[in-house]
Each structure stands twice: as structure tokens, then as C-alpha cells.
Protein chains: 2
Amino acid sequence: MADSRTPAPDKSGAASPAPAVTRAAAVLDALAASATGRLTLSDLSREVGIPKSSTSNLLLALEEARLITRHGSEFTLGRKLVELGAAYLGRMDEVQEFYRYCEQASVLSRETVRIAMLDGTNVIYLARYEGHPAVRLTSNIGDKMPVSLCAVGKALIARLNWHDIDEMFPDTAELPVMTPKSLRTGAELKAQLKEIREQGFAFEDEESTTGVVCLAVSVPTRGAHGPSLGLSVTALKATYTQEQGSQMVKELKELAHSLGNPMG
Amino acid sequence: MADSRTPAPDKSGAASPAPAVTRAAAVLDALAASATGRLTLSDLSREVGIPKSSTSNLLLALEEARLITRHGSEFTLGRKLVELGAAYLGRMDEVQEFYRYCEQASVLSRETVRIAMLDGTNVIYLARYEGHPAVRLTSNIGDKMPVSLCAVGKALIARLNWHDIDEMFPDTAELPVMTPKSLRTGAELKAQLKEIREQGFAFEDEESTTGVVCLAVSVPTRGAHGPSLGLSVTALKATYTQEQGSQMVKELKELAHSLGNPMG
DNA sequence: GGATAGCGTTCAGTTGACTGAACGGTGCTG
DNA sequence: CAGCACCGTTCAGTCAACTGAACGCTATCC
């Protein structure tokens, strides 16, 4: 799991309009971020920085809503979160369309394809099509990954305007590293982003997993407010060929275009 | 409950220790339950039954926590819910073990297998192993299904004590119907549950999808507090044989036993 | 075009939620 | 066995979050 630091910790000057809700969300975050996923009332009180008595009340309410579950004196995330997450995904027509397209595509139907969403400096995987039994991914739906480490992350970032990119990744920014080939600095990342913009798709060469390569494209934003979506194919470097790659990019782009324009 | 002079420690409704949290959860539920998944402030205020001004504050806090997202004047569920749901699933060792077992099993490795959780009168699908490209399920992870319509639902219900079952499904209860073969009444369902208890596994014969059959078993509850888990295999009725079925049940039971007893 | 109905926002008063210290219970430690 | 440290719970006082009516605004209707 990648460490994600709170992006914009609102200073104490700006109070929340419903503090109890903000705190409850912080409790959920703390549970999600903890190593074991099991924390006691005191743990949470310390972690989130609110008095025990207040935390106790929050936990009672969260438990009643099934957003958390109590196991003796420990708390874990609740199953209601799975339902809500599923409800979010179920409302995304793009996911349904994604499956349908992958099944009937000529090359992609036999590959491992994923659709992901940009979330700050991470991507979140929304769905996975597994047409290639030899390539089983360890990552699951909902998992996060730093953008600099995967093709789909780079494809999504490349669509942002240059000013935002510079802000997110200063030249000297140190990027998370997972393999010897991982990009190291903001400058390296931005050099690649220029390439990606020119060629219209992104590439990953063993930057997150040795032996594995990825291709990815971004989906033009549907409507005015939708999240940024991206598509990626994963292949084994050992069997990957240039020709195969260009065909996959072609189909990825076709799917991306179809997702971006519901009617066509 | 007799003395009306006591200062009423608990009113009939049993007030929540943190109402704002309970209300926020109700807002999320309302969004998840709505047909389109997009509601305005006024919609939510009416739906949940709280004043607009209060709702406005709740929504602001929820939006700040990214539990909901604002699109103009409409609100939808937020992507943070996908992360939290994934964190819940990622913490379930059973899911990881489920994948591992399916891959190395002799028969199941070539079938479509799922693991699901009981949630009231529905089951929620937690993970899906697809070893059989010919059978692609339309349901996704996190989707809900009435227990009476699927083998895994019946397997899970069958483990409850008879009193609870009678309460959930009176003889004359009308069950949801999806195909001509769907069970219609509580009495029909309970007759099947008796069979399931005797033979130790559940069966579904085109009750949710014509042309499709399912086998399922329940997992003995791990520890004292875990949720009720169930396993199911889906097959095409056209190619299904009795012999194949008994082998699949055997492997399902083995996996169930392994999930219920972490060390063995 | 004027009127209406509905939307989201604002604001001051009052109720009820949050605090923090003290309490009883439990599992280590010396 | 006594001592300690930590846990989760309780309770009364205080402060702030919630209410509800009034506001400005935009679409809709006659």
C-alpha cells in the first residue's frame, strides 16, 4: 500500500460546517490507513486527535450505521462501505461499457485490461477485465497506485494543464520507487509527459513490477463534471511485441473514444 | 417503563449519540438507493427528513471528506467510498485466500467462482474468480442480490436458526421474481432450506438467469464476530453434468473449510 | 411579462452535543 | 500480591451546532 499524506489539511482557522461528520470521516480514514485495520477506541482517539469520550460517541453512531463494525474492543471498517462503493461504481455507465467492449474486441479480449480514475496524485482501479489467464494482477478493484508508477497514471496526468502539473510535481520532487526502473524525480516524469502528449498514449516499462509492461490512454471527460478516466493493458515483457502493442493502443483509443462519447 | 416521572433516560426512538453522523449516513444511503444516484439538496432534505439548512451543512462536510461529489446543484456518491470499500475487502484474508485456492484447484480453477456475504435478506458479492471465459457474469463486486434468488443466498440463510428464518420469511411472504423458475413464497423457500441443510449445499436451477445453474456452500464463521460468508460456482445448464457438480461441491466444501479454519 | 413555485443560502436564538476529569475494571510488572 | 498502566465509560457544565423563517435567485407557467 502506498503512503498518502493528507493533501490539504485544512488549518484550524476554517471550521467544518458539521464537525462530527468530518471527524467521522477521519476515523474511517484512520481505519483504512492502519496496518491491520483493527483499532481500539484509544488508538483512534490518539490517531485522529479527539478526546476519547467524543470518539466513543462517534464510534457508536458509526457502528449503528454499519459503517464500522465492533469486534470486542476493536473496530474495523463496516460492510456498508462495500455496498456504497459498489453503488458508486454501479452508477458509472463507463464500467459496464468497458466490460462489454473488452469482451468483443479482437486483441483486448485476450489481454488484462483495467479502467482507472485519477484521485490526486494516485490512480484508483475501478474495474478489471481478465482475458489473459497467464497474467493475474495482485492489485484489486479500489486499490491505489501513485501516478508516476503506472502507464495509466501518466496518461491521466498528461491531460492536465501544465501549470497544475508543475505544482503537483516540482522538478526536484522525489517520487515513490518500486523497481530500479521507477522514475525518480518530477523532472523525469515531466519529460515523459511531453512524449506522452505527442504520441497520444502512455507506456510503462517495468517501473512498478519487473517483467511487466503497460500501455495506457486517457478517456476524454464525458459531460462537464465526470472524473478523469484512463484505460490500461498489462502484458508480460517477455512476450510483448511492438506490433501487438500498436494494435492494443488502437483498440484502447477506440474504447476511450466510445466511453467519452456515449452515443457513438 | 412504568414510571413516567423518571427523567426519561431513553426516549422511544433511542437518540443517536452523534446525530450528525447518523444523518450523514442516511444521506449516503439515500443517494445509494435513488434511481439515478443524483439528488439535489432539496431532494435529500425531503428524502431523509431533515431541514434544508441542516442538510446543506451536512453536504458541505461530506463533500469536504470526498464521501460525496457535487455536480452543479446535484450530489452523487464520492470516490472515497470506493477506496474505503476496497480497504474493507483488502483486509479480509478470506478474499486473498479465495483467489489463491481457486487458481490451484483442479476443477474450480476452470469455473466461475464467487465469494459473497450475507447482509439482511440480500447477499453482497465480494470477489469473483473467472476461470471460465465462456461464462461472464453481469453482476459486479459489491452488487446485491435477494437471497431467495441465488444458491449462495440460500446456503447462507440455511445456517440461521429456524426462528429467525420464520421471521424473515413468513409462509405467505412474496419473494422477488426474476425468471419463471424463481421461488415465489416464503413457504417454498423454507422447503428448500430443509433440503439444503440435509445435503450440505445449495442449488439454483435457472431461478435468477435462464440457462444458468449455481452450486453454493456456506463458510463456517471464522472467529466469533465475522460476517457470514458463502461460496458459489456458476455454470451453463447446457453443459452441466451431475458428476461435474459433485466434484465442484467437494472443492467448494474444501475451500469453505479452509476459510473457516485459518491454520488448517 | 408578471406571477408563481422551487431552489440554495443566510442569520440569530436556543437547544443539545462535546469536553475533560474522575471512575471502575482489567492485564501486565515488579 | 500490590502496584501500575491502560482501557472504556460516566457525568455535569459550557459552548457551538442545529433550527426555521426570511432572503435572493432562476426556471416555469398562464
Side-chain angles (χ1 to χ4, degrees), chain A residues 10-31 34-65 67-78 224-225, chain B residues 6-31 34-65 67-78 224-225:
Chain A
D10 264 357
K11 213 51 190 167
S12 52
S16 163
V21 175
T22 306
R23 288 170 156 195
V27 166
L28 294 178
D29 279 342
L31 279 171
S34 81
T36 65
R38 306 174 75 90
L39 295 177
T40 66
L41 184 150
S42 300
D43 289 335
L44 285 166
S45 166
R46 235 178 293 105
E47 191 76 26
V48 182
I50 54 184
K52 277 193 296 182
S53 49
S54 310
T55 309
S56 176
N57 285 333
L58 284 179
L59 292 177
L60 254 47
L62 283 170
E63 187 186 4
E64 193 187 321
L67 293 170
I68 63 173
T69 309
R70 182 184 201 120
H71 304 81
S73 67
E74 289 182 321
F75 294 89
T76 63
L77 296 176
H225 306 284
Chain B
T6 41
D10 269 338
K11 211 56 184 174
S12 56
S16 163
V21 174
T22 306
R23 288 170 157 195
V27 166
L28 294 178
D29 279 341
L31 279 171
S34 80
T36 64
R38 307 174 74 91
L39 295 176
T40 66
L41 184 150
S42 299
D43 290 335
L44 286 166
S45 166
R46 235 178 293 105
E47 191 77 25
V48 182
I50 53 184
K52 278 192 296 181
S53 48
S54 310
T55 309
S56 176
N57 285 335
L58 284 179
L59 293 177
L60 251 48
L62 284 169
E63 188 186 6
E64 193 187 323
L67 293 170
I68 63 172
T69 309
R70 184 186 201 120
H71 304 83
S73 67
E74 289 181 323
F75 294 87
T76 63
L77 296 175
H225 306 285

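In what follows, chains carry the letters A, B, and so on, assigned in the order in which the sequence lines appear, proteins first and then strands, with residues in each chain numbered from 1.
- Not counting sequence neighbours, the partners of S42(A) by the side-chain contact (heavy atoms from CB on, under 4.5 Å) test are T40(A), R46(A), K52(A).
- In this structure N57(A) satisfies the side-chain contact (heavy atoms from CB on, under 4.5 Å) test together with P17(B), sequence neighbours excluded.
- Rounded to an integer number of Å, the gap from CG of L59(A) to P of dG8(D) is 9 Å.
- Considering only residues two or more places apart in sequence or on other chains, S45(A) meets the side-chain hydrogen bond (donor to acceptor under 3.5 Å, both in side chains) condition with none of them.
- Each of L58(B), L60(B), L39(B), L28(B) was checked for a side chain to side chain contact (heavy atoms under 4.5 Å, CB included) with I68(B), and the lone residue meeting it is L28(B).
- Contact between the side-chain N/O atoms of R23(A) and the OP1/OP2 oxygens of dA17(C) is not found at any separation under 4.0 Å.
- The distance from atom CG of L67(B) to atom CG of L62(B), rounded to the nearest 0.5 Å, is 6.0 Å.
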**Report entry** Pair assignment for DNA chain C - dot-bracket with | for other-strand partners, Watson-Crick or G-U under 3.5 Å
**Finding:** |||||||||||||||||||||||||||..|

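- You'll find a donor-acceptor pair under 3.5 Å spanning the side chain of S53(B) and the base of dG20(D), going by distance alone.
- Per the geometry, CG belonging to L44(A) stands 16 Å off C1' belonging to dT9(D), to the nearest Å.
- Judged as a salt bridge (Lys or Arg N to Asp or Glu O under 4.0 Å), the pairs with a partner in residues 20-30 of chain A (not counting sequence neighbours) are, in order, D29(A)-K80(B).
- Atom CD1 of I50(B) is separated from atom P of dG8(C) by 13 Å (rounded to the nearest Å).
- Note on S56(A): a side-chain N or O is less than 4.0 Å away from OP1 or OP2 of dT9(D).
- Atom pair H71(A):NE2 and dC7(D):C1' shows a separation of 19 Å (rounding to whole Å applied).
- The distance from atom CG of L60(A) to atom P of dT10(D) is 9 Å, rounded to the nearest whole Å.
- The CG-C1' distance, from L41(B) to dG6(C), rounds to 12 Å in whole Å.
- Scored by the side-chain contact (heavy atoms from CB on, under 4.5 Å) test, A30(B) finds L44(B), E47(B), V48(B) as partners (sequence neighbours excluded).
- Side-chain proximity of P19(B) to dA17(C), dG20(D), dT9(C): nearest is dA17(C).
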Extract from the structure each pairing of a protein N or O with an N or O of nucleotides 13-15 of chain D at less than 3.5 Å, listing the distance.
none

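- dC7(D) atom P lies 7 Å from atom NZ of K52(A), rounded to whole Å.
- With sequence neighbours excluded, the residues forming a side-chain contact (heavy atoms from CB on, under 4.5 Å) with T76(B) are R38(B), T69(B), H71(B), listed by chain and number.
- Within the 4.0 Å cut-off from OP1 or OP2 of dC7(C), at least one side-chain nitrogen or oxygen of R46(B) is found.
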